[in-house]
Amino acid sequence: MDVNEIIVREWLQFCKNQFTIEDIKFKVYGSKGGSNYGNIDILSTDGKNYYDYEVKWRSAWKIPNTQQGDESINSFIEQIFNKPREAKIREYTKGKKCNHILVIHRQMLTKKGEDSAIMKFKKKGIQILYFEDIINQLKDKIEELGRYDSEVKQIIRMLKIYRIIAPNPKV
């Protein structure tokens with residue numbers, strides 16, 4: 001797991017009370033008969049529903065509002081809905097419906113293309129979440145004097161103590 005996936009996992013467990021399984025590998029076959037491996041970044045459940053999280057962080061890459069942007073969006077959609085991935089998800093969910101979620105940062109979408117890209121993902125049944133919101137929710141829940149067992153939560157707590165990030169407002 002990369003650090004972006006770890007942050008999302010921490011948020012799911014700590015803020016959303018979800019059980020998670022990470023980095024579920026599956027075999028993917030190419031059109032020419034070759035094979036490779038894919039993975040499900042995070043599969044989670046809240047006890048009622050299942051969620052498939054695909055986490056993408058590309059700091060210098062954007063989905064433009066052009067034909068190239070449509071190709072990028074279609075590539076993400078194909079990755080989320082490919083048959084081997086769907087089969088692997090069904091193994092874990094016992095065939096129950098799974099909600100598909102793409103986690104990106106806001107800068108991945110050009111300002112002009114943001115609404116149209118989000119609509120294209122929504123039409124295919126993919127919800128978009130942003131890292132910025134996830135990190136803020138984690139930050140808001142972590143207490144300066146709290147005791148935490150994960151590096152991510154400990155780092156956020158430390159950054160709050162030293163006022164590198166704003167502490168929670170007093171109510």
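Just so you know, these numbers use all the heavy atoms, side chains as well, and skip hydrogens, waters and symmetry mates. Keep in mind that what you see is a predicted model, and the values were worked out from it rather than measured. Count residues from 1 along the sequence.
A donor-acceptor pair is defined here as one N or O able to donate and one able to accept, closer than 3.5 Å; such a pair exists between the side chain of Glu132 and the backbone of Arg106. Side-chain atoms of Glu78 never come within 3.5 Å of backbone atoms of Ser75 as a donor-acceptor pair (strictly under, hydrogens ignored). Checking side-chain atoms of Tyr148 against main-chain N and O of Glu143 turns up a donor-acceptor pair under 3.5 Å.
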Carefully, step by step, assess Lys16 and Glu10 under the rule salt bridge (charged side-chain N to carboxylate O under 4.0 Å, His left out). CA-CA 9 Å; Lys16 297 295 189 182; Glu10 291 292 325; over 6 Å; no
Side chain to side chain contact (heavy atoms under 4.5 Å, CB included) evaluation trace for Asn82 with Phe26: CA-CA 11 Å; Asn82 71 52; Phe26 57 91; 3.8 Å; yes
Can Ile89 and Glu86 be said to form a side chain to side chain contact (heavy atoms under 4.5 Å, CB included), step by step? CA-CA 5 Å; Ile89 289 171; Glu86 289 288 298; 4.2 Å; yes
Evaluate the side chain to side chain contact (heavy atoms under 4.5 Å, CB included) criterion for residues Lys139 and Lys160: first the C-alpha distance (whole Å), next the side-chain angles of each, then the deciding distance (0.1 Å), finally the verdict. CA-CA 8 Å; Lys139 178 193 74 89; Lys160 287 174 81 169; 4.2 Å; yes
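Checking Gln13 against Thr20 by side-chain atom types alone, a donor-acceptor pair falls below 3.5 Å.
Looking at Asp52, Ile73, Ile128 one by one, the single match for side-chain contact (heavy atoms from CB on, under 4.5 Å) with Leu102 turns out to be Ile128.
Atom CD1 in Ile156 sits 11.5 Å away from atom CE in Met158 (nearest 0.5 Å).
A cation-pi arrangement is absent between Lys124 and Phe81 under the rule of less than 6.0 angstrom and at most 45 degrees off the ring axis. Under a cutoff of 6.0 Å and an axis angle of 45°, Lys153 and Phe14 form a cation-pi pair.
Between Gly146 and Arg157, the shortest heavy-atom contact is O-CD, 3.2 Å.
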